[in-house]
There are 2 protein chains.
Amino acid sequence: MKTTEGDQKPVSGMAEPVEGERPTLKTIAFMAGLGVTTVSRALKDAPEIGQATKNRVQLIAKQIGYRPNRAGVRLRTGKTNVISLVLNAQSEIMGLTSNMVYGISEVLSETPYHLTVTPYSVKNDPMQPIRYIVETGSADGIIMSRTEPNDARVRYLTEHGIPFATHGRTEMGIEHPFHDFDNETFAYLSVKSLLARGRRRIAMLAGPSPSVTYYRHLHRGFSRAVEEGGASTVAVSDIDVDTSLGRMRNRMEEIMSASNGPDGIVCCSGSAAIALVAGIEAAGLKIGGDVDLVSKQSTDVLQWFRPQIIVFNEDVRHAGRELARAVLRRIAGVDARELQSLSYPDEHDLRS
Amino acid sequence: MKTTEGDQKPVSGMAEPVEGERPTLKTIAFMAGLGVTTVSRALKDAPEIGQATKNRVQLIAKQIGYRPNRAGVRLRTGKTNVISLVLNAQSEIMGLTSNMVYGISEVLSETPYHLTVTPYSVKNDPMQPIRYIVETGSADGIIMSRTEPNDARVRYLTEHGIPFATHGRTEMGIEHPFHDFDNETFAYLSVKSLLARGRRRIAMLAGPSPSVTYYRHLHRGFSRAVEEGGASTVAVSDIDVDTSLGRMRNRMEEIMSASNGPDGIVCCSGSAAIALVAGIEAAGLKIGGDVDLVSKQSTDVLQWFRPQIIVFNEDVRHAGRELARAVLRRIAGVDARELQSLSYPDEHDLRS
DNA sequence: TAGCCTACCTGTAACGTTTCAGATTTGGGA
DNA sequence: TCCCAAATCTGAAACGTTACAGGTAGGCTA
């Protein structure tokens with residue numbers, strides 16, 4: 001039987017859908033004179049539906065602006081079509097998180113996925129939001145940052161088989177999707193850059209140790225370059241990238257005022273760099289003269305800050321895109337090992 | 001009949017729920033020997049359920065960690081328990097958006113609401129994400145920024161009866177929830193501050209005109225103060241807060257190099273301020289000497305920028321909290337006029 | 001011709017919740 | 001004693017979707 005477009009026999013027991021309501025499968029089924037099952041299948045290009053029918057159904061769906069009801073799909077299939085970004089709600093001076101959000105959204109906007117954001121307070125247990133998402137099944141995939149070498153969240157999610165991707169790596173023998181900035185190379189190149197400027201006593205402001213993995217990468221690159229250059233190291237104690245900028249400045253002033261302060265400093269955060277500069281200058285030293293500073297920045301702000309320093313850019317928007325793609329492909333069943341990527345430091349000497 | 005705790009007669013036709021699955025109303029109903037209807041009502045403290053039953057049901061629910069299935073609720077009631085933050089995906093140098101997200105989340109975290117973020121590209125129609133949300137019914141409430149004097153989104157949402165709150169005000173005779181920074185007072189006080197420092201030729205870098213409402217507020221406060229002080233005005237043409245920092249710097253250099261440049265400048269954005277400073281200094285002028293600069297900042301970054309300038313702080317995290325509270329109360333049926341709030345500028349002379 | 005396979009389509013059930021329209025019990029008043 | 005109202009509780013239906021287990025028609029094989 002060849003059904004033509006106009007052939008819309010009203011199916012028995014099926015009332016005409018109300019005008020003005022949001023169209024559902026039933027609406028299309030009524031208009032096409034088909035069963036809802038057929039419509040459902042036709043819309044997802046199932047092989048058991050005839051090509052003519054598919055075309056007709058898809059045309060109608062398009063014309064009346066049909067959009068599947070998310071609650072219906074979710075209730076039936078358990079699939080939420082949601083990716084959750086879990087983050088630490090540290091107040092930010094620079095727009096790191098927002099740019100990552102934009103990156104993620106860029107990728108998700110071409111899919112049926114929505115992005116929900118689940119910040120947790122710094123003081124709280126990082127596991128709490130993760131457990132919540134898993135227990136309530138409120139997302140199909142999770143993106144998270146502040147990855148630790150032995151990360152309880154990674155273990156938990158892996159055990160529960162929930163797709164996720166981390167910003168940063170772990171060191172626990174579990175293969176999982178991640179995207180990371182190559183902090184080791186960054187630290188290595190930064191030290192090289194300082195050595196090339198004749199600096200011999202090198203210090204570094206890193207991430208909180210041992211909680212965050214990239215701390216180790218930084219130190220690996222740092223040590224290697226210092227060693228290769230035959231330079232020496234000055235420890236920066238008591239402060240890390242999480243310290244308040246005020247305390248950072250004060251501590252830096254102390255360190256630089258000491259008799260054997262560093263003459264070259266590597267800093268792994270743009271906002272920290274501005275506090276270090278303040279501390280250095282408070283100690284009466286001149287950047288570029290007495291001491292050089294190299295910093296990573298995740299936002300183009302240090303360009304505008306003076307004195308200008310040497311920076312390496314990290315593109316967090318790109319990281320967001322990579323992470324989103326990774327979770328999506330993980331959800332699609334791609335092997336975790338194929339979803340691990342690094343991005344590389346990009347040096348800019350801002351000093352004009 | 002007084003039902004005791006132990007009295008759990010299995011209801012006919014009701015199979016024991018599978019262990020390990022997420023508990024549902026049925027699970028509780030089975031355990032309590034009640035119907036799902038009763039359980040549903042007991043959990044929401046309906047008046048037609050006996051107190052003893054309520055206590056028992058609520059205890060069981062708590063013990064087994066029952067959480068209502070969002071898809072079930074959503075499908076049945078149409079309520080999504082989602083608030084959507086719609087924003088313009090401009091790359092940000094400073095962490096404005098993330099702090100607003102944290103503020104919103106702070107409030108939502110004590111409610112059943114989730115936060116989804118829907119960025120739209122700067123080039124795209126701002127109506128597009130709004131229409132999408134309304135047509136697919138994907139949120140119970142919307143928070144949006146970049147509010148315009150005659151805002152199509154506000155009109156559309158009002159007509160469709162969708163609760164929302166805007167960051168910024170409109171001027172279209174529609175009462176709706178908003179939170180706004182008092183830009184008029186900010187501009188007024190800024191000019192006053194410049195006048196007090198003996199500045200007489202005042203300029204301002206404002207938001208894009210006429211697209212964004214706060215442009216008008218800024219100008220109102222600006223003009224009033226300039227007039228009161230008998231000072232004169234220097235127009236800053238071609239650039240606004242949306243201009244790229246590079247162009248902003250160059251234009252500023254031109255303006256300051258002209259014979260009749262301003263000697264006092266008001267700037268309504270922290271990130272713009274750093275570009276203005278660069279332009280001013282490129283023109284060979286000294287801030288604090290030849291010219292004074294007053295800026296609003298939404299993130300504590302200008303503290304660390306030198307030369308230090310006079311700033312007024314805007315607390316975006318607080319704005320986020322206010323906006324979230326406003327949408328929630330609007331959803332609860334509170335009158336829009338009771339959900340309009342302003343926050344006031346807070347001056348800090350950073351110059352030590 | 002019968003039987004079978006393929007291609008296409010169908011209704012029913014189920015996901016978990018709330019609403020609707022009762023059902024049952026209890027206590028009290030007449 | 002009977003009846004009514006109030007206080008509690010109940011199953012069935014519905015929201016929109018997909019999975020399951022068929023159903024029908026036509027053509028091909030034997």
Side-chain angles (χ1 to χ4, degrees), chain A residues 1-3 7 9-15 17-18 21-30 32-57 61 66-81 112 136-138, chain B residues 1-3 7 9-15 17-18 21-30 32-57 61 66-81 112 136-138:
Chain A
M1 167 181 117
K2 197 144 183 293
T3 321
D7 184 4
K9 62 164 192 290
V11 175
S12 68
M14 190 176 266
V18 195
E21 295 288 299
R22 227 182 112 191
T24 69
L25 289 180
K26 208 148 116 191
T27 318
I28 302 178
F30 175 82
L34 294 166
V36 290
T37 305
T38 311
V39 173
S40 171
R41 299 239 258 256
L43 287 176
K44 44 177 59 68
D45 249 328
E48 61 269 49
I49 304 295
Q51 194 54 52
T53 307
K54 279 186 196 171
N55 292 342
R56 199 153 55 91
V57 166
Y66 168 77
R67 316 252 204 167
N69 179 307
R70 312 193 116 229
V73 175
R74 180 163 169 178
L75 182 58
R76 179 66 238 240
T77 64
K79 183 150 201 281
T80 61
N81 282 301
T136 63
S138 53
Chain B
M1 169 186 119
K2 196 141 181 301
T3 321
D7 184 5
K9 62 164 190 293
V11 176
S12 69
M14 187 176 269
V18 193
E21 295 290 298
R22 226 183 112 191
T24 69
L25 288 181
K26 208 147 119 191
T27 318
I28 301 179
F30 176 83
L34 293 167
V36 289
T37 304
T38 310
V39 172
S40 171
R41 298 240 257 256
L43 287 176
K44 46 177 57 66
D45 248 331
E48 61 268 50
I49 304 295
Q51 193 53 52
T53 307
K54 280 185 194 170
N55 292 343
R56 197 155 54 93
V57 167
Y66 168 76
R67 315 250 204 171
N69 178 306
R70 312 192 116 230
V73 176
R74 180 164 171 178
L75 182 57
R76 177 65 237 237
T77 64
K79 185 153 199 284
T80 61
N81 282 303
T136 63
S138 53

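Here is the naming used below: chain letters follow the sequence lines, and residue numbers restart at 1 for every chain. Since this is a predicted model, take the numbers as computed values, not measurements. Computed from heavy atoms alone, side chains included, the values below leave out hydrogens, waters and symmetry copies.
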Options [options], nucleotide nearest the side-chain atoms of [X]:
X	options	result
A/Leu34	C/dC9, C/dT17, D/dC9	C/dC9
B/Val73	C/dT18, C/dC9, C/dG16	C/dT18
B/Leu25	C/dC8, D/dT17, C/dT17	C/dT17
A/Pro68	D/dT17, C/dG16, D/dC9	D/dT17
A/Arg76	C/dT18, C/dC9, C/dC15	C/dC15
B/Glu48	D/dC15, C/dC9, D/dC9	D/dC9

Using the side-chain contact (heavy atoms from CB on, under 4.5 Å) rule, take B/Asn81 and B/Arg74 through it: C-alpha gap first, then chi angles, then the decisive distance, then the call. CA-CA 8 Å; B/Asn81 282 303; B/Arg74 180 164 171 178; over 6 Å; no
Return yes if the base of D/dT8 and the side-chain atoms of B/Arg41 contain a donor-acceptor N/O pair under 3.5 Å, otherwise no. no
Could a donor-acceptor pair under 3.5 angstrom be found where the side chain of B/Arg74 meets the base of C/dT18? no
Please name the residue in the list A/Val36, A/Val57, A/Thr38 that meets the side-chain contact (heavy atoms from CB on, under 4.5 Å) test with A/Ile28. A/Val57
Taking atom [atom2] of [N] as reference, at what distance in whole Å does atom [atom1] of [X] sit?
X	N	atom1	atom2	result
A/Gln51	C/dC9	CD	C1'	15 Å
B/Asn81	C/dG16	CG	P	18 Å
A/Lys54	C/dC8	NZ	P	9 Å
B/Ile28	C/dG16	CD1	P	13 Å
B/Arg56	D/dC9	CZ	C1'	12 Å
B/Leu43	C/dG16	CG	P	15 Å
B/Arg67	C/dG16	CZ	C1'	16 Å
A/Leu75	C/dA14	CG	P	13 Å

Check this one for me: any side-chain N or O of [X] less than 4.0 Å away from OP1 or OP2 of [N]?
X	N	result
A/Thr37	C/dG11	no
B/Ser40	C/dT17	no
A/Thr53	C/dC9	yes
B/Lys26	C/dG16	no

Rounded to the nearest 0.5 Å, what separation is found between the CG atom of B/Asn69 and the OG1 atom of B/Thr24? 8.5 Å
By the 4.0 Å heavy-atom rule, please label [X] as base, sugar-phosphate, or nothing.
X	answer
A/Lys79	nothing
A/Arg70	nothing
B/Thr38	base

Any donor-acceptor N/O pair, [X] side chain to [Y] backbone, under 3.5 Å:
X	Y	answer
A/Arg56	A/Ala32	yes
B/Arg22	A/Thr136	yes
A/Arg70	A/Pro112	yes

